[in-house]
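Below is one structure; the comments refer to it alone.
Keep in mind that the numbers below use all heavy atoms, side chains included, and drop hydrogens, waters and symmetry copies. Numbering of residues begins at 1 and proceeds along the displayed sequence. All ligand and atom numbering here is 1-based and tracks the order in the structure.
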Amino acid sequence: MLKLETQLSDSRLSSSRGFLSDVDEMFCRAAKLVPMQEGLAEKIRICNETYITRFGVRLRGRMYTFEGWRAVHTNHPAPAKGGIRYAPNVDQDEVEALAALMSYKCALMELPFGGSKGALKIDVGKWTDTELEKITRRFTQELSRQNFLSPAINVPAPDVGTSERTMVWMANEYLRMHPEDINAAGCVTGKPVAAGGIEGRVEATGRGVQYAIREFFATERDRSKTRLPKTLKGCRVIVQGLGNVGYHAAKFLAEDGCKIIAVIERDGVVRKPDGLDIEKLKAHVSVTGGVKGFEGGKIHYDADGAGALESACDILIPAAMESVIHAGNAKRIKTQLIVEAANGPVTYEADRILSEMGVTIIPDLVANAGGVTVSYFEWVKNITHMPFGLMERRQREHEQARLIEGLEKSLNMTFSAEHKLAFVTGGTELNLVRSGLEEKMRAAYARMSNLMAENSAVKDLRTAAYVLALTRIKGLYEAVGI
Ligand code: NAD
């Protein structure tokens, strides 16, 4: 058995605080359950490299200096994959923690990517679109010049503060610098469909949250450990953060019959015991930048957003940022199930406390993996230069039409045109993406749940996720002879 204490010598490990040390501690807990050659756990845990850039952009008649990072936690296998975050308080440790999570997430999901993450220290609200485009293009030049951006080596995607638009600026700048790269469109994912993106990428992370929760409910041995009902219908849900991930998760869960009883945003919380209208609330947040002033039924608004995490509910979905559930508030959390739509929203210490309280956590490694999964589909579409379903769509339709014809003849009846239309479908890109995503989410959840059932040392879904990820990465290292 591996002696972790001697191998994991990084000074940061001695601190129990901080996002990066939380990720490290979660890793170490799982590493104790995976037999490995001496030194390998340390090699896997540590971030391979972090590029720091400080570049100037001439704006508003003067020079402004921006600081950015791109961390590569692992490039086994290549390319390394992970979002780019634009935020005012980001730092190197945060980027490295997020890059590590990407390595473990891609391994757990069995995606052919290493883990990476990038960030730019910027308050996006202070700059116009034209200025943001100029800043993004300069950042892209720096990343590309240093080999931290390319379809074969490192492929960013949107994250907090970035969007489809940021990705299309990056892809376009990369193409300008590398007109000979026939796979240039695959240098980033999360692009608009019209610019080489894929249907269903914008909703993918929230859709993945929905599939993960559905799978938990469908897995009786896991659901029955909680006091949750057999189906999602009527479950009371609280969501923190109504951005890309939180909005889509809330929308899809409401469609499944859940009641979104509270939404927490930067400026406070809005509650409605019989369920908020998520579309109306999203429209309000998009226009005003917050939940304050929302009118849509008997709304109760209060400014203590963080405090609302402690309100009673069936499912709590932190979908904003890291470390929001910590040693200071974990004991007051009143939910059965926490679904980590954000990266790292529960600290290591809070995870321990919640586990003692019997709260189930669907960890970030799987809960928010829908984004990178559909990014994988987009990257494959870009490098194959072929839309999904193109070759087989009509063939499948003809086969289905023949089957219906045969049924009509043998049963001596005629199906309605409406029924025929519903049967005879070759599958749109969106349907194929959702099908692929559902398969990946369900399979990953099942692997975690099975491992917990088979190995009594694996006591929760997070440990199961890390053990599976680690085992896969270890296998890769061993296969190449390290
Ligand atoms: P986003 O910027 O679209 O949304 C974040 C939302 O959270 C915003 O509405 C913001 O106002 C709100 N917020 C920020 N601080 C808050 C606070 N203290 N309290 C309440 N609300 C707050 O970002 P996103 O893309 O939705 O990402 C959210 C989380 O999901 C991040 O942890 C990100 O790393 C993770 N994630 C995103 C994706 C993706 O595809 N976008 C994929 C995987 C994981």
Side-chain angles (χ1 to χ4, degrees), residues 19 23 81-90 94-95 97-102 105-106 109 111 115 117-119 122-125 156-167 188-191 197-198 200-209 212 238-251 262-270 278 281-282 284-292 303-309 316-326 329 339-346 363-376 378 437 441:
F19 185 19
V23 174
K81 190 85 189 74
I84 291 230
R85 173 172 289 198
Y86 281 9
N89 301 317
V90 65
E94 182 176 325
V95 177
L98 290 162
L101 287 177
M102 283 308 296
K105 194 179 302 178
C106 291
M109 299 303 292
L111 301 174
K117 203 82 180 192
I122 185 171
D123 185 344
V124 285
D159 193 78
V160 173
T162 54
S163 64
E164 284 191 329
R165 206 184 38 173
T166 325
M167 295 304 112
V188 289
T189 57
K191 303 175 291 292
I198 193 164
R201 174 59 183 89
V202 177
E203 65 166 46
T205 310
R207 182 68 74 185
V209 170
I238 296 180
V239 177
Q240 183 190 39
L242 205 66
N244 175 306
V245 179
Y247 158 65
H248 285 103
K251 172 185 156 89
V263 167
I264 306 163
E265 255 294 331
R266 286 174 206 269
D267 63 335
V269 51
V270 61
I278 291 302
L281 181 58
K282 180 66 183 170
H284 177 84
V285 172
S286 303
V287 172
T288 67
V291 292
K292 199 168 181 184
D304 181 16
L309 288 168
L316 177 60
I317 306 186
M321 56 190 294
E322 56 278 357
S323 309
V324 292
I325 301 175
H326 43 75
N329 63 3
V339 184
E340 294 186 330
N343 281 308
V346 176
D364 45 9
L365 294 193
V366 67
N368 68 36
V372 68
T373 302
V374 176
S375 275
Y376 165 54
E378 177 178 337
L437 175 60
M441 296 300 299

Check ligand 1 against [X] and write out every atom of the ligand that is under 4.0 Å from a heavy-atom position of the residue.
| X | answer |
| --- | --- |
| Asn368 | 43 (C), 44 (C) |
| Arg85 | 31 (C), 32 (O), 33 (C), 34 (O) |
| Ala319 | 28 (C), 29 (C) |

For Tyr376, does the OH atom have more than 12 heavy-atom neighbours from other residues, nucleotides or ligands under 6.0 Å away?
-> no
Is it the case that the side chain of [X] and the backbone of [Y] share a donor-acceptor pair, with hydrogens and angles ignored and the cut-off at 3.5 Å?
| X | Y | answer |
| --- | --- | --- |
| Thr162 | Tyr86 | no |
| His284 | Gly289 | no |
| Asn368 | Ala341 | yes |
| Asp267 | Gly290 | no |

For [atom], which candidate among [options] provides the closest heavy atom?
| atom | options | answer |
| --- | --- | --- |
| atom 2 (O) of ligand 1 | Pro158, Gly305, Gly161, Ser286 | Gly161 |
| atom 33 (C) of ligand 1 | Leu98, Asp159, Leu242 | Asp159 |
| atom 5 (C) of ligand 1 | Gly83, Gly243, Gly246 | Gly243 |

Is the shortest distance from a Lys or Arg side-chain nitrogen in Glu378 or Lys191 to a carboxylate oxygen in the other one below 4.0 Å?
-> yes
Test: Arg85 and Glu322 ion pair at under 4.0 Å = yes
Protein heavy atom at shortest distance from atom 15 (N) of ligand 1 = Met321 SD, 3.7 Å
Does [X] approach ligand 1 within less than 4.0 angstrom via side chain, backbone, both or neither, non-hydrogen atoms only?
| X | value |
| --- | --- |
| Arg201 | side chain |
| Ala341 | backbone |
| Thr205 | side chain |

Under a heavy-atom criterion of less than 4.0 Å, does Glu322 contact ligand 1?
-> no
Using distance alone, determine whether Gly371 and ligand 1 share an N or O pair under 3.5 Å.
-> no
Looking at ligand 1, does any of its N/O atoms fall within less than 3.5 Å of an N/O of Glu265?
-> yes
